[in-house]
Each structure stands twice: as structure tokens, then as C-alpha cells.
There are 2 protein chains.
Amino acid sequence: MATSTRSSKRQKTDGSTETDPTAGTGAEDSYRLIYWPGMPGRGEHIRLAFEATGTPYTDVSNATDEGVNAVLAQISDKNLGDETNPPPLAPPILQHGAVLLSQTPNILSYLGLRLGLVPDPSEDPAGLYHVNALTLTALDGLSNEPHDVHHPIASGAYYEEQKDEAKRKAADYRAVRLPKFLGYFERVLKGPASGGGQYLYGGKLTYADLVLFQTLDGVSFAFPRRVRRLRETGEYDAVWGLYERVKGLEKVSAYLASERRKPYSMGIYRHYPELDDEE
Amino acid sequence: MATSTRSSKRQKTDGSTETDPTAGTGAEDSYRLIYWPGMPGRGEHIRLAFEATGTPYTDVSNATDEGVNAVLAQISDKNLGDETNPPPLAPPILQHGAVLLSQTPNILSYLGLRLGLVPDPSEDPAGLYHVNALTLTALDGLSNEPHDVHHPIASGAYYEEQKDEAKRKAADYRAVRLPKFLGYFERVLKGPASGGGQYLYGGKLTYADLVLFQTLDGVSFAFPRRVRRLRETGEYDAVWGLYERVKGLEKVSAYLASERRKPYSMGIYRHYPELDDEE
């Protein structure tokens, strides 16, 4: 049995009612995150949902003796899943009682209602779908694309084998794609559905804000010069305002200062100076 | 006011109960799909959900005078959305009453409960999340990656400007990535959660099956030689069995034979002989 990495009791962050018919099922079960050890990666989005809401969870690879074997057993070619769970292709994987789920935005969708990180559906029936759309868009342009910048040809080959192509793709990412996505989220924050521009949707923290924070943080690590220049233009002040706002939330801030937050290394976000702007 | 492209009445495909708290809201409203005209693209996944269930909808760009302007108005840099809907970054966009949603897997998630294309949550609370995960994985490896094969460097530049890189990426896709994803779905179908191997999850048609059908169809168009060889190995017979099964469903078959089904052209799936296996 794994040891929880958190000692605090589970708590709701706001008074939202869980009206999802599936919420409450297995509410007594603990949450286990199965992801590669030692790096933020895609698992970081799941960690932040737990951390920002003070929800106890076990980060299996980082905090138990199972280590990386927990991941390898799940993604083995021999794993056919079980009676109720298809096998996952890749981590992150969430285990909650008998339920085993993969795919980052899917896990967040499952957790959103349970952790109070989407609008109450009885008040705003479409809210959780808007949060999901914003999340998918942030992951597309600020997580998947930055990964593909350093691996434009083959995700299974070394960076050094595709460095020339990576330089070409990085130039396009810095000049076209990154400003496009920052501009999009600036527009979302300036739109009325944001509920005042403090958060992406409905004037309250949702998991889409946590995802945008984390992807902006990763992009800032990977392309520090480019990001500094884009910030200095002032064109994306609402976006960077959200970034600082989420970073400063008490529970998020405490998490970021803890040993549970792993440093960026050879994951999605990599800092290769030759892929960033020149000095 | 747009004219519906379908004359049949809305009907449920099975006896599933809609227990989603948000389902039923606006059930009297018509569905409008806003997508680029004249091509299947990502909009095809939404069309197939409607077509397979006999649900009336309006394919705005293809079937009304609004044409492509319906798309351009939504994705304009000037669009800030409205009080309840953030602006979308890109099509497909679903309009359902006052609700406007973007992102293919998100729209499918919204439609899944409403059209009976996910398991009844009162019987299988986690089922819709499994369907969502399978959908996201099919879109990752069999839609997004095939697009990136012909545009590995810059999605906004011409194929001819990145043809050499495309050839390198195509070689990896054909040898590594495509077999990986086919093998994964073969494993899902052989796993017990598929409920017999006829469909991906729970022994019944879900929108994940429709997505897998459409992505396999697109990959077969883009890489006909490679796909023929992979089919001939016999290693993915369950996958191709599902493909043929979905293709042969009465409503799907009628749709594919209709003028509402657009030919592949310069969209996600493109046939460049130099990116396929040699003869």
C-alpha cells in the first residue's frame, strides 16, 4: 500500500455542488497518479489539480517503492486492461478505486467536478465543456507543439538526430505559433465569458487556469529570451497576469516551493539555447 | 435561418437514459456544425456522430448561404465571444441553442450523452471517460500526427517548403507510429473492457468507434500502400474488422454514399505518393 505524499485532509476549495452523476462514486477512494518519475511532464497538470485544491493523492513513481515499474506495467504491450478499464497507451494514468483513466485532458475532466475546478453544472450546464475546450487548446499549442519543436521528425529518436529540423520548427514556433496562442488566450481573458479577466472562464479558478499556468511556465523555461521579449511588448498582459495570479495562490505557491515540484529536464519542455531567440 | 440538411426526425439509437445533468438542456434546439466547407477534416467526426444516430443537423458552410463566412466570423481576431461562450480558436464549432463549443473531442463529449454514443452513466459511471480517452488517443496518433507528417515544420507554410522534412517524418510514421497506434487499438479490442472485440468499449457503438473508423479511413487514403501491407500482416484484424463493421452500419453506409460526405483533398489527410511506401 502506497503512502500518501500529503498529510492534509481532502477539502473542497469552494461551495460548489457535485451534481455529476458519476461524482461521489468512490469518493472514499484515494487518488493515485501514475507517471514518469522525476519530471513535471504531462503529469504536472494532474498534480496541480490536486495541489491547488489541497486534495490528498499519491504520486506513485515519485513517492512509493513501485517507482517507474508502476508506469511500465501499465503501458506494457502485454497489458490488455481489465473488465472495466481499457489498457492505457501512455501516462499520465489516474487510479481512483477501480477506475483507471489515461489522457491528460480526460483525467482533468474526471477530476474537475470532483475537486470543484469547473463551474457548478446546475448553474452553468455548458461550463465544464468550455473549461475542457480551453484546456485542450492550451495543451495543443503550449504543450504538444513545444514538444514537437525539439522532436519534429521522430518522437522516438534523439534530438541530435533532428536538430536542423528542430531549428527550423523553433523559428516558426517563436515567430508564429507562440504569439498566436498567447494572443488567443489574451482574447479569451478580454472576452465577457471570462467574467472579468482574472481567470479564463466564469470569474473563478478552473483547471483550465492551472493548465495555462503550467504550460506558460514550461514555455518560459524552454524559450526564456523569446518569452521575455513577448512579455515586454505588453500585448499579453492579461495572460501573464493570470500566470502570476495562479502562481501566487497559497496552495500553488507552497507546492512550487516544495520538493514535490520536480525540475524541468528532458521532458516536454527543454531548454536548448539554439532553439530560442538570439541574445 | 439555415435549412436543415436532414429531413429525418431525431431519434435515439438505443435505449440509453440521458442522466447527464446538462443533457436535456436545450434539447429542443437544433444542432449547427460550423466547419470549413468542402472537406471532411476534423468536422467529419462531428458529422459522423449525427449521421450514425440519425440526428438532424445543419452543416452550415456546406448547406447554407453563410458558407465559409460562418467560420471566419467565429475565428476572427476581433471575436471576443459573448457572455457565456469564450471565443473559439479554430473550427469545428458546434452551435446548440445559446451554447457554442469548439475542439473536436470536446464537442463529441458534449454530444455523446445526448446522442446515446456513450454508456449510460447510471450503469457505468466511468464509461464516458474511457470513450473520451480512446477518442483522444485515436485523434493524437491517427489524425494529428498524419497532419504533421505533411507539415512537420510549419502548419502555416506550404508542403513544398517542408517536403524533405516531410519525407523523413513520413518514414518514421509508416515504420513506427502507425503500427504503434494500430497495435494499441488491436490490444484494446482484445481486452475484456471491449466487451467482445466488436467495438472499442462495452460491446456497443460509441463515438470512439466512429472516430477510429474515420481516422483509419483517412490514413488509408493518405498511405494506401503502407496500409495495404499492414492489413496483410493480419496483426490488426480486430482493428480492420471494426473499420468494416462501422462502415457497414446502415446509417453510416448511407451517409458515405451521399453527397454530404466530401472527398479528401488538401486537409488533414493528403495523398502524396512520395510520403507513402514504395510500390
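Every chain is numbered from 1, with letters handed out A, B, ... down the list of sequences.
By the side-chain hydrogen bond (donor to acceptor under 3.5 Å, both in side chains) test, A:Arg168 pairs with B:Glu165, sequence neighbours left out. By the side-chain contact (heavy atoms from CB on, under 4.5 Å) test, B:Ala90 is found to be paired with no residue, residues two or more places apart in sequence or in another chain being considered.
Of the atoms belonging to B:Asn85, heavy atoms from both backbone and side chain fall under 4.5 Å from chain A. Residue B:Asp164 does not touch chain A at all, counting heavy-atom pairs closer than 4.5 Å. The contact between B:Asp77 and chain A is made by backbone and side chain atoms together, counting heavy-atom distances below 4.5 Å. At a 4.5 Å heavy-atom cutoff, the contact between B:Asn106 and chain A is made by backbone and side-chain atoms alike. Interface residue B:Val99: only side-chain heavy atoms are found under 4.5 Å from chain A. Neither the backbone nor the side chain of B:Leu200 comes within contact range of chain A, judged by heavy atoms closer than 4.5 Å. Neither the backbone nor the side chain of A:Tyr173 comes within less than 4.5 Å of any heavy atom in chain B.
Note that OH of B:Tyr129 is 12.0 Å distant from CD1 of A:Ile107, once rounded to the nearest 0.5 Å. Expressed to the nearest 0.5 Å, how far OG1 of B:Thr84 lies from CG of A:Asp124 amounts to 7.5 Å. The CG atom of B:Leu136 sits 8.5 Å away from the OG atom of A:Ser102 when rounded to the nearest 0.5 Å. Taking CG of B:Leu100 as the reference point, atom NE2 of A:His130 lies at 7.5 Å (rounded to 0.5 Å).
Residues A:Asn132 and B:Gln103 are not in side-chain contact: their nearest non-hydrogen atoms beyond the backbone lie 4.5 Å or more apart.
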